[in-house]
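Okay, structure first, notes after.
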Amino acid sequence: MMISPEEQLALKIALENRFKPEIKRVFNVMLKDFKIITVTGQTFNANKYTPLWSETLDKHFKRVQKSFLNIDKQETTEEEDEELILLALLTWREKYKETDAKLITKTSTEDIMEALRLAMADFQEQGITPTTRELTLAASAILSKKFKGRVSSIAITETQKAAESTKFIVAEVNAGLTPTVLETTEGVETLATKTWWTMEDELVRRFPFNHVAANNQKVLLNKPFTVSGQLLNYAGDTSLGASVGNVINCRCLIVYE
């Protein structure tokens, strides 16, 4: 079942919208605990929420993988290949639910420290020495805005990564390759190709990461794309060292032949 780029984008947006309330719930838990813990003078440790982020991401990744699994899968796919695809999807999910949960936690910790710093700077500017409660409430207001600002980016980025990696895994198996997430395919010959497509609108990033220039770039299936000097197996991929700026909020998609 092949659906158009516009239909794929619509599906991604629907999945993002379903994910956003789940992201908000985790942030709300963190914010509530921050108020309670910090006002008592204790040190707030955001790392304790990594398992919750991991669980939340795992649930979303499963949902996205199920939605994108059959987009490029061949009707003649054998049972052995079906099992290989499912194993690769599970392996990918286990890896990225952990790495991305840690990354989100790390960024959240930075948000917390920045909120406290900004709140304290504001009090100092007014010549006020705040109580712990006053500092906590002021920092909580700043932190709340920071968390709200991250919901959409997390939803877009994590949905993109899960959707495009699913398509990539299916394409690898269709081409007779062992999925990269399970074993390197370097040196394996294949005539299958993949092409990078943008949405070709004004929102496509141009600087400092130029996805406009990547549009219609075509490579062999087991070779990476080069986008602004960085290597990506698919849109949203960070396994080859692509930076966050090259994948965050990306809406591009890959077409396999």
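Quantities reported herein were computed from a predicted structural model and do not represent experimental measurements.
Judged by distance alone, with hydrogens and angles left aside, the side-chain atoms of Thr131 form a donor-acceptor pair with the main-chain N or O of Glu134 at under 3.5 Å. At least one donor-acceptor pair closer than 3.5 Å links the side chain of Thr50 to the backbone N or O of Asn47. In this structure a side-chain-to-backbone donor-acceptor pair under 3.5 Å is present from Thr40 to Ile37. Counting only distance, with no hydrogens or angles, the side chain of Thr159 and the backbone of Ile156 share no donor-acceptor pair below 3.5 Å. In this structure, His211 contributes its side chain and Asn246 its backbone to a donor-acceptor pair below 3.5 Å. The main-chain N or O of Ser243 is found under 3.5 Å from a side-chain atom of Gln230 such that the two form a donor-acceptor pair. In this structure a side-chain-to-backbone donor-acceptor pair under 3.5 Å is missing from Glu83 to Glu80. Side chain of Ser54 to backbone of Ala101: no donor-acceptor contact under 3.5 angstrom is found. Side-chain atoms of Thr136 come within 3.5 Å of backbone N or O of Thr132 as a donor-acceptor pair. Within the 3.5 Å criterion, the main-chain N or O of Thr198 finds a donor-acceptor partner in the side chain of Asn215.
Residues Val247 and Val219 fall within the same hydrophobic cluster, defined by Ile, Leu, Val, Met, Phe, Trp and Tyr side chains chained together at heavy-atom separations under 4.5 Å. Leu118 and Leu137 sit in two unconnected hydrophobic clusters of ILVMFWY residues. Membership requires side-chain heavy atoms under 4.5 Å apart, directly or through other members. One hydrophobic cluster, built from ILVMFWY side chains closer than 4.5 Å, cannot hold both Leu103 and Leu57; they sit in different ones. The hydrophobic cluster containing Val26 also contains Phe44, counting ILVMFWY residues as joined when their side-chain heavy atoms lie under 4.5 angstrom apart, directly or transitively. No path of Ile, Leu, Val, Met, Phe, Trp and Tyr side chains, each step under 4.5 Å between heavy atoms, connects Met113 with Leu143, placing them in separate hydrophobic clusters.
To the nearest 0.5 Å, the span separating CG on Leu11 from OG on Ser4 amounts to 11.0 Å. Interatomic distance, NZ of Lys62 versus OG of Ser67, reported as 14.0 Å (0.5 Å rounding). Atom NZ of residue Lys146 and atom CG of residue Leu31 lie 13.0 Å apart, to the nearest 0.5 angstrom. Within the model, atoms OG of Ser165 and CD of Gln160 stand 9.5 Å from one another, a figure rounded to the nearest 0.5 Å. In this structure, NZ in Lys167 is found 13.0 Å from CG in Asn174, a value given to the nearest 0.5 Å. A distance of 5.5 Å separates CD of Gln217 from OG1 of Thr226, quoted to the nearest 0.5 Å.
Ion pairing between a basic and an acidic side chain is recognised when a charged N comes within 4.0 Å of a carboxylate O; Glu257 and Lys218 show such pairing. The pair Glu164-Arg251 does not count as a salt bridge, with every side-chain nitrogen at least 4.0 angstrom from each carboxylate oxygen.
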Exercise. Please walk me through it: do Lys97 and Glu94 pass salt bridge (Lys or Arg N to Asp or Glu O under 4.0 Å)?
Worked result: CA-CA 6 Å; Lys97 75 177 185 182; Glu94 288 297 312; 3.2 Å; yes
Exercise. Could you walk me through whether Leu86 and Leu90 pass the side-chain contact (heavy atoms from CB on, under 4.5 Å) check?
Worked result: CA-CA 6 Å; Leu86 293 177; Leu90 173 61; over 6 Å; no
Exercise. What do the steps show when you test Phe123 against Thr129 for side-chain contact (heavy atoms from CB on, under 4.5 Å), and what is the final call?
Worked result: CA-CA 7 Å; Phe123 279 118; Thr129 301; over 6 Å; no
For this session: Starting from the C-alpha separation in whole Å, work towards a yes-or-no answer on side-chain contact (heavy atoms from CB on, under 4.5 Å) for Ile23 and Phe147.
Result: CA-CA 9 Å; Ile23 299 171; Phe147 282 170; over 6 Å; no
For this session: Apply side-chain contact (heavy atoms from CB on, under 4.5 Å) to Leu89 and Thr166, showing your working.
Result: CA-CA 7 Å; Leu89 292 176; Thr166 299; 3.8 Å; yes
Exercise. So Glu16 and Lys20, salt bridge (Lys or Arg N to Asp or Glu O under 4.0 Å) or not? Walk me through it.
Worked result: CA-CA 6 Å; Glu16 290 163 13; Lys20 286 177 183 177; 5.5 Å; no
For this session: Decide yes or no on salt bridge (Lys or Arg N to Asp or Glu O under 4.0 Å) for Lys161 and Asp237, but give the supporting numbers first.
Result: CA-CA 6 Å; Lys161 183 183 293 187; Asp237 177 38; over 6 Å; no
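The aromatic ring centres of Tyr96 and Trp92 sit less than 6.0 Å apart. For Phe34 and Phe27, the ring centers are positioned 6.0 Å apart or more.
Counting heavy atoms from C-beta outward, Asn17 and Phe19 have side chains that stay 4.5 Å or more apart. Side-chain contact check for Leu221 versus Leu177: some heavy-atom pair is nearer than 4.5 Å. At a threshold of 4.5 Å between non-hydrogen side-chain atoms, the residues Ile254 and Thr195 do not count as touching. For the pair Trp53 and Asp100, the minimum side-chain heavy-atom distance is 4.5 Å or more. In this structure the side chain of Lys194 never reaches within 4.5 angstrom of the side chain of Tyr234, judged on heavy atoms. The shortest side-chain heavy-atom distance between Arg150 and Asp111 falls under the 4.5 Å cut-off.
Hydrophobic side-chain contacts under 4.5 Å tie Val244 into a cluster, directly or through other members, with Ile248. As a member of the Ile/Leu/Val/Met/Phe/Trp/Tyr network built from side-chain separations under 4.5 Å, Leu240 groups with Leu231. Members clustered with Val212: Val204, by chain and number, using a 4.5 Å side-chain heavy-atom cutoff among hydrophobic residues. Hydrophobic clustering, defined by side-chain heavy atoms of Ile, Leu, Val, Met, Phe, Trp and Tyr closer than 4.5 Å, leaves Phe209 isolated from every other such residue.
The two residues Ile3 and Glu7 make their nearest non-hydrogen contact at CB-OE1, 3.3 Å. Summarising the geometry of Arg205 relative to Cys250, their closest heavy-atom pair is NH2-N, 3.1 Å, with the distance given to 0.1 Å. Here the shortest heavy-atom pairing between Thr109 and Ala46 reads OG1-CB, 3.2 Å. Residues Pro5 and Met199 share a closest heavy-atom pair of O-CE, 4.1 Å. Pairing each heavy atom of Ala235 with each of Leu253, the nearest pair is CB-N, 4.5 Å. In this structure, Ile36 and Val39 approach most closely via the heavy-atom pair O-CG1, 3.3 Å.
Between the side chains of Ser228 and Asn210, no donor-acceptor pair of N or O atoms lies under 3.5 Å. At a cut-off of 3.5 Å, with distance as the only test, no side-chain donor of Glu172 or Asn222 sits close to an acceptor on the other residue.
Within the structure, the side chain to side chain donor-acceptor pair (under 3.5 Å) test picks out the following pairs touching residues 116-125 (sequence neighbours left out): Glu114-Arg117, Asp122-Gln126. Sorted by first and then second residue, the salt bridge (charged side-chain N to carboxylate O under 4.0 Å, His left out) pairs with a member in residues 21-41 read Glu22-Lys59, Glu22-Arg63; sequence neighbours excluded.
With a 6.0 Å radius and a threshold of 12 heavy atoms from other residues, nucleotides or ligands, Glu55 has its CD atom at or below the threshold.
Only one option out of His60, Glu98, Gln65 pairs with Arg93 in a side chain to side chain donor-acceptor pair (under 3.5 Å); it is Gln65. Test Phe225, Phe168, Tyr256 against Trp196 for ring pair (Phe, Tyr, Trp, His ring centres under 6.0 Å) and you get one pass: Phe225.
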